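Here is how names work: the chains are called A, B, and so on, in the same order as the sequence lines, proteins then strands, and each is numbered from 1. Just so we're clear, the structure is a prediction, and the values are computed from it rather than from any experiment.
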Amino acid sequence: MYNDLPLDITDRIFTSFTDFESLWTAIRVSKHSYSVFKLRSTSILYAVSVNIAGRNVIHVLRLVRTATNLASSDSEGVDAIPAWKDVPRYPVTTEQRRLLIKYADVLQGWESFLSRRHKDCTVSAVTLTDAESDRFQQAMCEFWMYQQCFGEIWREDILDDTPMDIELQIMFLKRLSTEELQRFASVCLFMKDTCIWLCRAFGWNNDIGYRVVAALTHPTPYPTSVHLSVIMDELLSTLNGPQRKSVEHPPNVPLQILAGPGSGKTKVLTTRIAYLILRHAIAPSTICAVTFTNKAANEMKLRLTKLIGKEKVMRLKMGTFHALCARFLRQHAALVGLEGNFTICDAEESKKLVGKILKTYKDYIIAHKIMFDDSKEIVSKISKAKTKGYEPDDMVAILLDDLKGKTIPHKNLATLKDLDPAGWIFVEVYREYERTLRATNSLDFDDLLIWGVKLFGKHKQAAAWCKHVLVDEFQDTNTVQYDLMRYIADANRCVTIVGDPDQSIYGWRSADIGNLKNMQRDFPSTKQIFLEQNYRSTASILALSLGIISGDNVRIKKTLHTAHPSGPRPMMHRFLDEKMEAQFIGTEMKRVVAATGGILDWNDFAILLRFSALSREIEASLQREGIPYRMLGGHKFFERLEVKDILAYLQLVDNPQFLPAFMRTINLPPRNIGEKSIAQVIQRAEQAGLSPMALVERIHDGKVPDIKPPLKRKVGPFVTTLRTLREQANSGTSPAMLIRKLLELIKYTDHLKKSHEDWETRLENIVELINFASQEKETALDAPPTEAAKVPVRDHRATQLEDEGLVIIEDDSRNAMSQSTDADDNADNETPLRQFLQASMLSTDSQTKDDDNKDKVTISTCHAAKGLEWPVVMVPAVENKVFPHKRSDDHAEER
DNA sequence: CATTGAAGTCTTTTT
DNA sequence: GACTTCAATG
């Protein structure tokens with residue numbers, strides 16, 4: 001029945017629907033629906049027809065619960081709405097409908113929601129009888145399946161939100177032509193349950209049926225290259241000119257995609273990767289895709305999985321710069337003179353180390369009345385120096401140059417000590433910090449990159465696998481990261497980068513926009529493509545943001561267009577204090593949810609903060625109002641005290657030299673070993689040339705004399721715990737089991753109960769950590785395909801497949817893959833424990849998974865929210881000293 | 001004498 | 001919530 005639909009059917013104009021028949025017809029012929037919302041058993045229908053580029057199309061349909069209460073209660077705002085939900089179905093009268101249409105907030109809500117993407121929305125309301133409602137459901141189902149087969153097949157948000165009545169689906173399928181069925185089969189992995197059911201129901205004994213089954217049973221989602229080609233074409237057809245140009249750009253010509261916000265950056269990047277694999281037959285394992293945050297990496301993985309299947313995605317070398325470096329450094333540790341079991345030292349541990357070193361200069365600082373930064377400040381200064389490639393000795397000259405005025409004859413440490421004591425201490429602390437890291441066999445975040453550069457720079461073969469490098473958010477790369485990219489790309493010099501100079505918000509992390517130019521210098525044939533079409537925001541939001549950033553005079557002028565209407569104007573509200581502000585945020589969100597009649601739910605709201613500490617008042621307000629929320633990037637899971645406790649023990653098991661872990665665990669639970677004793681141990685260990693851990697073990701064994709306040713008896717349980725765990729770890733016990741054993745050995749639960757009021761939530765976090773540990777094992781990077789996945793399912797369907805001589809495509813890169821794992825994997829360097837620890841140290845946003853599905857308002861820092869989008873966004877505390885922040889040295893960035 | 005507990009201060013942004 | 005300082009306890 002769909003065959004005879006003219007393709008330009010959408011030229012037919014549907015402005016509003018006064019009766020059900022015309023609406024129903026319209027739904028069935030409309031091909032380009034943007035969104036289909038969940039249908040509930042309801043009586044009032046909102047139909048919206050939208051005009052896109054001169055073509056009027058029905059775009060969104062939704063049933064809302066009856067409006068009886070709305071009609072009876074004339075009051076506006078919050079009070080009238082919550083009652084809607086529980087009112088039984090009820091046909092509305094003309095008068096009520098009139099009221100509804102007049103209900104400006106509701107319609108406004110609709111229009112602003114839709115006009116984010118489409119201009120000229122018109123809204124009208126229709127009433128449905130029960131029978132009509134059922135027919136409508138049917139129409140929607142057909143419509144959805146049609147969309148699923150022939151529309152935007154990769155849209156993930158449609159999947160969960162659509163009614164899938166199996167009878168209706170079959171009715172739909174029966175009407176399809178053979179060709180359409182084939183295409184359906186090629187995408188049917190998105191509807192696994194349906195397909196299994198269909199094959200059983202129809203007893204399909206033909207080519208199509210097998211393909212459906214093959215798609216379900218074979219590990220690679222798309223059974224034939226013909227279908228891959230079709231899919232790629234459909235993908236390309238949804239891109240605009242510059243986007244498509246970017247995707248199809250020849251792989252061997254370096255490419256810079258300069259993309260404004262909301263211009264489909266990630267879509268282009270993922271499509272390009274798919275294109276490289278599907279059209280240029282570049283093996284996934286030879287593609288390196290780098291992002292800056294784990295969130296971006298995960299997002300990309302998710303989207304790519306929909307395009308090319310899980311198998312191929314697993315083979316991509318994909319992740320943050322840090323994660324990639326860590327991985328290759330473990331593999332090739334020996335090449336650069338590292339030990340494979342190095343520990344990754346996070347910011348908190350770095351800070352503690354620096355604090356400890358700083359104490360040795362305490363007397364000097366006091367005696368000379370030197371103004372000195374706190375250790376956090378120093379850590380970030382050290383980090384800056386490291387990213388710029390300055391070693392402690394280099395800092396001497398640099399700090400002396402910073403001193404204005406007279407020329408300095410001898411640029412050496414002694415002069416620095418005289419002229420800039422604070423600078424001198426900094427250099428000494430920096431030196432000592434580096435020494436400690438080496439001595440304790442650990443790398444901080446910057447070291448991962450620095451040593452990565454050493455590895456790939458000196459040992460070309462370590463990067464020889466790489467055929468193409470793609471970098472997301474390129475404007476945020478710093479010098480080290482840029483070098484890293486260059487070295488990895490060295491073998492084939494195929495590079496694609498995506499970036500936006502206007503969105504550089506990591507200047508404080510030494511991000512260098514100059515890298516865009518550097519790349520043109522180092523890769524002379526580099527081409528640029530600009531993406532200037534914004535698909536995210538309304539015109540008035542763009543105008544506002546342009547107004548803000550164009551206050552920056554040195555900015556390179558760059559345009560951004562949108563096809564959207566101006567939409568509602570952004571609102572600015574002033575409050576006397578933060579309490580009122582927080583209160584307003586809570587009630588305003590409630591009002592908007594109510595006023596839009598459930599079109600917006602909590603997931604559609606975000607509150608963006610300059611820094612996470614601002615969330616206190618707001619969290620309190622949301623709790624008061626009973627609004628569920630989640631905190632992005634707040635106190636991160638892996639930075640929680642109880643999680644760090646457990647991780648520290650495990651780190652020490654894996655790397656006994658790692659000092660921060662030793663200091664954390666030796667008196668945990670309290671064993672009456674205080675600061676002084678620990679300091680003594682460390683000092684004596686240094687004298688003896690042992691790690692503190694080794695020394696403690698020897699004291700325990702009676703091999704060396706005890707220290708002043710006797711330690712031997714106190715450390716008994718500590719030493720046995722570590723020895724037990726070490727033994728178990730070496731025999732390959734899973735991290736999850738190790739944690740359980742550890743909890744038991746140190747009676748951690750008892751300790752928590754004693755030391756913290758909220759021990760129950762803390763215990764839950766540990767359970768969550770155990771969960772994470774068990775998951776991590778399954779999704780370990782580069783895990784070779786399991787036996788089960790390699791062998792096609794041996795049931796009757798698969799056997800039939802082969803009998804009929806049907807070809808199931810063999811993955812091109814599987815062989816290459818197994819070779820590379822054999823060659824690279826120094827089995828010793830990748831114990832399950834080590835993998836787990838690395839994942840823990842390098843992941844930030846492994847928020848509990850079920851959290852994501854729940855309906856919650858998002859609270860996030862602006863930085864963490866980069867690249868995400870919500871229909872409604874609030875930005876509290878936009879006031880001087882907060883936003884722009886008082887300590888920011890780059891106002892353009894704050895803009 | 002070393003350790004622990006209580007009270008008080010300060011909190012950018014990320015891997 | 002993490003760190004520091006000061007007084008009280010083992």
F605(A) ring center within less than 6.0 Å of Y629(A) ring center: no
NZ/NE/NH1/NH2 to OD/OE distance under 4.0 Å, K386(A) and D444(A): yes
Value in whole Å for how far the P atom of dA2(C) lies from CD of E642(A): 9 Å
I859(A) CD1 to dT12(B) P, straight-line distance once rounded to whole Å: 19 Å
Side chain to side chain contact (heavy atoms under 4.5 Å, CB included) between V379(A) and K376(A), intermediate numbers included: CA-CA 5 Å; V379(A) 169; K376(A) 207 169 170 183; 5.7 Å; no
Contact list (N/O, under 3.5 angstrom) for nucleotides 3-10 of chain C vs protein:
none

Gap between atoms CD1 and C1', on I673(A) and dT4(B) respectively (whole Å): 14 Å
Proximal nucleotide (of dA2(C), dT14(B), dT15(B)) relative to the A864(A) side chain: dT14(B)
Nearest-Å distance for atom pair NZ/P, residues K866(A) and dT15(B): 12 Å
H885(A) aromatic ring stacked with six-membered ring of dT12(B), 5.5 Å and 30°: yes
Given DNA chain B, 5'-ward residue of the pair I678(A) and M841(A), judged by closest heavy atom: I678(A)
Protein-nucleotide distance (F445(A), atom CZ; dT15(B), atom C1'), rounded to Å: 5 Å
Set of residues satisfying ring-ring contact (aromatic ring centres under 6.0 Å, His included) with respect to F342(A), sequence neighbours excluded: none
Nucleotide dT15(B), atom P - distance to CG of L443(A) in whole Å: 18 Å
Lys/Arg-Asp/Glu bridge criterion (N-O < 4.0 Å) met for E894(A), R610(A): yes
Residue-phosphate contact under 4.0 Å: S677(A) side-chain N/O, dA2(B) OP1/OP2: no
Options dT15(B), dT4(B), dT13(B), nucleotide nearest the side-chain atoms of N667(A): dT4(B)
L641(A) side chain, from C-beta outward: closest of dT15(B), dT13(B), dA2(C): dA2(C)
Note, D447(A) side chain near R438(A) side chain (heavy atom, < 4.5 Å): yes
Electrostatic pair E377(A):K381(A) at N-O distance under 4.0 angstrom: no
P670(A) side-chain proximity, nearest of dA2(B), dT14(B), dT4(B): dT4(B)
For atom CD1 of I382(A) and atom P of dT15(B), their distance in whole Å: 20 Å
Option passing side-chain contact (heavy atoms from CB on, under 4.5 Å) with K714(A) (candidates I673(A), N667(A), I666(A)): I673(A)
Using the 3.5 Å cut-off, write out each protein N or O paired with an N or O of nucleotides 5-11 of chain B and the distance between them.
none

Aromatic ring pairing F328(A)/H332(A), orientation class (parallel under 30°, perpendicular over 60°, tilted between): parallel
Spacing of E377(A) atom CD relative to dT13(B) atom C1', expressed in whole Å: 13 Å
Worked check of side-chain hydrogen bond (donor to acceptor under 3.5 Å, both in side chains) between N765(A) and E642(A): CA-CA 8 Å; N765(A) 287 332; E642(A) 60 278 13; 2.7 Å; yes
Of Q680(A) and F321(A), the one whose closest DNA chain B nucleotide lies more 5': Q680(A)
